[in-house]
Structures are given as structure tokens and as C-alpha cells.
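Please read the structure below before turning to the comments.
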2 protein chains.
Amino acid sequence: MRKLSSTNYYNQVYLEDKCALNELLYLLSKRWLTEVLFSIEEGNNRFSSIKEDLKHISDNILANRLKQLEHYQLISRQENVHEVPLRVEYTLTSSGTKLSDMLDQLCKFAESEVVFPE
Amino acid sequence: MRKLSSTNYYNQVYLEDKCALNELLYLLSKRWLTEVLFSIEEGNNRFSSIKEDLKHISDNILANRLKQLEHYQLISRQENVHEVPLRVEYTLTSSGTKLSDMLDQLCKFAESEVVFPE
DNA sequence: CTGTATCCGATAAGATACTG
DNA sequence: CAGTATCTTATCGGATACAG
């Protein structure tokens, strides 16, 4: 449970405090996270439909990414408590939508301007 | 030297192939990388001046980040071979400059729109 | 001055099994 | 259906020592 004894953890906090960009990039770089965001934007609003859309993602990781996106208020989660089986729906928040737009731009940049090795 | 036996490595390659955005985000999320990019943009064009600017970075990591930025042609490296002691200068390429602009935007978004937990 | 080589602890992705 | 818990293996950041 202990974080790294010293500099490793300290530097992470230092950089996240220095600029919000670092924290955002750290979040966005988690594998599958942007894919989940885009999948919800495209209308897959259930756990199972996202999982089906992103064929290779595991339950484990999908649940974790949904939690993180919700935690940062990029998506919202509506649980219909009284239905059996349990039915949960995810939708993008307004900042989630804005982020998705910015990532589209960044994606176009990546595809057109960045020289990827090999 | 072996990569992960199976799915872990496979998924990384799959996602990077699926969209260049994933590879770019994976690069950008490496600790200190955007800080190094911004530091060079602000005029710190020597190994030692970047190191001084980013007080807590280690030689190890700085060298690695410079190599990666150069590898993706976001910065260029000019070595003045005949000087002793060795003198090397780094500058942003045109795509490095564009990336820096897009990151500025993303940073403003992060600071104004994203709700960070706690 | 501008790096490289080696080692170590912490974290991340994924496999598998299980739950309300 | 929508997750949680536990475990394994790979990779990352940083410390330290050294080199051209």
C-alpha cells in the first residue's frame, strides 16, 4: 500500500501539481481509456455493448476505465436500480464531449504531421 | 528481451495500429516528456540548461526523453563535433512546435474544464 | 559537457475465478 | 448484466557509477 519511498512518487505529484496537463495526459495514456470514451460517444452506452465494440478489452480493465472516466466527470453513470437484471447507462458529460473533440484534433495531427519511427 | 508472452503486447500493438493517437498519447504521457518539450521551446537548448530548468529530472531520464523526442522528429539535435567540451543544441522541429501549441490548448482545457478528483 | 550501463522497487495490464 | 478480488509478469522511474 505504501507509495514509493521517495523521488518517484514525489516527482509524480510535483508534475501533476505544476500543470494539470500532466495529470490529464497520465489519465489519457491508460490503455483503452480513449477507446472507451470514443465508444460511448458513438452510442455504446452499456457495459456489454462497449465490451463488444472493443473486442479485446477485459472486464477488469473496462470496469476500471469506466470508473476513472466517471471519477474525472468525463462520463456519467445512470443506474436503474429497480430493474432485474441490473441496467446501467453511460453518457458523456459536457467536458467529456469537449475532450473528445480535442482528441479528434490531436488524432488528425498525429496522423498527418507526426513522423512515427519504423 | 522478450516482450510479454501474449495479450498485453498484442493489445498495445493493436491499439497503436488502430489509431496514431494512442501511440502519441503513450509517448506524451512519459513523465517529464512534455516538460522537456516546453523547456526547449522556452529557449533551453542545451542538456545542462534543460536539466537546470527542470530541477528534479535525472540525467538518465532526460537523455531518454531527448532521444524519444528526436526519434519522433519533434526536436532536432545539432552536435558540434569539433568542440571540446562537447556542445550539443536542441531545437523544436515544425511538428514539435505544432504539438506544443496543441498541448497548450489541451492544458487550458485541463485547467478550466476538467474536474480533478479530491 | 553530454551522455551510457546496471540494478531495484513500484506500478500497470491481463488471466482467472467469483458475486449481487 | 455489471462488475470485484487475487495473482502474475512486464515495464517504468530513479539511484548510482562510469565514459568519451
Side-chain angles (χ1 to χ4, degrees), chain A residues 1-16 22 25-33 35-36 40 44-52 54-70 75 77-90, chain B residues 1-16 22 25-33 35-36 40 44-52 54-70 75 77-90:
Chain A
M1 207 54 101
R2 259 176 80 247
K3 291 288 193 164
L4 247 174
S5 44
S6 155
T7 314
N8 190 333
Y9 178 62
Y10 171 81
N11 277 344
Q12 177 167 355
V13 174
Y14 167 75
L15 287 173
E16 290 180 355
N22 287 312
L25 285 175
Y26 185 62
L27 176 73
L28 293 177
S29 70
K30 288 187 187 300
R31 200 178 286 178
W32 298 106
L33 193 130
E35 301 292 332
V36 172
I40 295 173
N44 300 297
N45 58 356
R46 310 275 305 274
F47 191 96
S48 49
S49 63
I50 299 167
K51 188 167 160 52
E52 197 179 346
L54 309 176
K55 296 182 179 56
H56 306 295
I57 198 171
S58 68
D59 295 355
N60 211 347
I61 301 295
L62 177 53
N64 177 281
R65 298 306 182 256
L66 287 169
K67 220 176 238 179
Q68 296 189 71
L69 285 167
E70 193 194 357
I75 62 176
R77 178 181 188 279
Q78 290 97 35
E79 185 172 333
N80 302 27
V81 191
H82 299 303
E83 288 187 44
V84 176
L86 183 58
R87 177 185 175 80
V88 176
E89 289 193 0
Y90 294 96
Chain B
M1 207 52 103
R2 260 177 79 248
K3 292 287 191 167
L4 247 173
S5 42
S6 158
T7 314
N8 188 335
Y9 178 62
Y10 171 79
N11 278 343
Q12 177 167 356
V13 173
Y14 167 75
L15 288 172
E16 290 180 355
N22 287 312
L25 284 176
Y26 186 60
L27 176 73
L28 293 177
S29 71
K30 288 189 186 300
R31 199 177 286 176
W32 297 107
L33 192 131
E35 300 293 331
V36 172
I40 295 173
N44 300 297
N45 57 356
R46 310 279 305 275
F47 190 97
S48 49
S49 63
I50 299 167
K51 188 167 161 54
E52 197 180 348
L54 310 175
K55 296 184 178 56
H56 305 294
I57 198 172
S58 69
D59 294 354
N60 212 348
I61 301 295
L62 177 53
N64 177 280
R65 297 307 182 254
L66 288 169
K67 219 177 240 178
Q68 296 190 71
L69 285 167
E70 193 195 356
I75 62 174
R77 177 181 189 278
Q78 290 96 36
E79 184 172 335
N80 302 27
V81 191
H82 299 304
E83 287 187 44
V84 175
L86 184 56
R87 177 187 177 81
V88 176
E89 289 194 359
Y90 295 97

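A, B, ... follow the sequence lines: proteins, then strands. Residue 1 opens every chain. Below, each value reflects all heavy atoms present in this structure, side chains not excepted, and no hydrogens, waters or symmetry copies. Here the structure is a predicted model, which is why all the values come from computation and not from measurement.
A straight line from OH of A/Y9 to C1' of C/dT11 spans 13 Å, rounded to a whole angstrom. Nucleotide D/dG13 holds its P atom 15 Å from the CG atom of B/L54, rounded to whole Å. What separates CG of B/L66 from P of C/dG3 is a distance of 7 Å, to the nearest Å. In this structure, CD of A/Q78 is placed 17 Å from C1' of D/dC1, rounded to the nearest angstrom. In this structure, A/E89 places its CD atom 12 Å from P of D/dG3, rounding to the nearest Å. Summarising the geometry, the separation between CG on B/L62 and P on D/dA15 is reported as 14 Å, rounded to the nearest angstrom. Regarding A/E16, its CD atom lies at a distance of 14 Å from the C1' atom of C/dT11, rounded to whole Å. For the pair A/Q12 CD and C/dA10 P, the interatomic distance rounds to 14 Å; values are reported in whole Å.
Among all heavy-atom pairs drawn from A/I75 and A/Y90, the shortest one is CD1-CD2, 3.8 Å. Of all heavy-atom pairs between A/L69 and A/V36, the closest is CD1-CG1, 3.8 Å.
Contacts of A/N11 with the nucleic acid, taken as non-hydrogen atoms under 4.0 Å apart, involve only primed sugar atoms and P, OP1 or OP2.
Within the structure, a side-chain polar atom (N or O) of A/S48 is placed less than 4.0 Å from OP1 or OP2 of D/dA2. Close to C/dA13, at under 4.0 Å from its OP1 or OP2, lies no side-chain N or O of B/Y26. Within the structure, every side-chain polar atom (N or O) of A/R65 is placed at least 4.0 Å from both OP1 and OP2 of C/dA12. Here A/T7 does not reach the OP1 or OP2 of D/dG13: none of its side-chain N or O atoms lies under 4.0 Å away. For A/K51 and D/dG3, the shortest distance from a side-chain N or O to OP1 or OP2 is not below 4.0 Å. For the OP1/OP2 pair of C/dT2 and a distance below 4.0 Å, the side-chain nitrogens and oxygens of B/R46 include at least one atom meeting the criterion. Put simply, B/Y14 has no side-chain N or O that comes within less than 4.0 Å of OP1 or OP2 on C/dA13. At C/dT11, none of the side-chain N or O atoms of A/K30 fall inside 4.0 Å of OP1 or OP2 (strictly under the cut-off). The side chain of B/R31 contributes no N or O atom lying less than 4.0 Å from OP1 or OP2 of D/dC12.
Considering only the side chain of B/F47, C/dG3 comes nearest among D/dG3, C/dA5, C/dG3. Candidate nucleotides C/dG14, D/dG3, D/dG13 were compared by shortest atom distance to the side chain of B/I61, and D/dG13 ranks first. Side-chain atoms of A/P85 lie closest to D/dC1 of the nucleotides C/dG3, D/dG3, D/dC1. Residue B/D59 has its side chain nearest to C/dT4 when only C/dA13, D/dT4, C/dT4 are considered.
Using bins of under 30°, 30° to 60° and over 60° for the plane-to-plane angle, the ring pair A/H56/A/W32 lands in the tilted bin.
Other residues, nucleotides and ligands contribute over 12 non-hydrogen atoms within 6.0 Å of the CD atom of A/Q78. The 12-atom threshold is exceeded at CD of A/E89, counting heavy atoms of other residues, nucleotides or ligands nearer than 6.0 Å.
Residues A/N64 and A/Q68 have side chains that bring a donor and an acceptor to within less than 3.5 angstrom of each other.
Both A/L86 and A/H56 lie close to DNA chain C; mapped to their nearest nucleotides by heavy-atom distance, the more 5′-ward contact belongs to A/H56.
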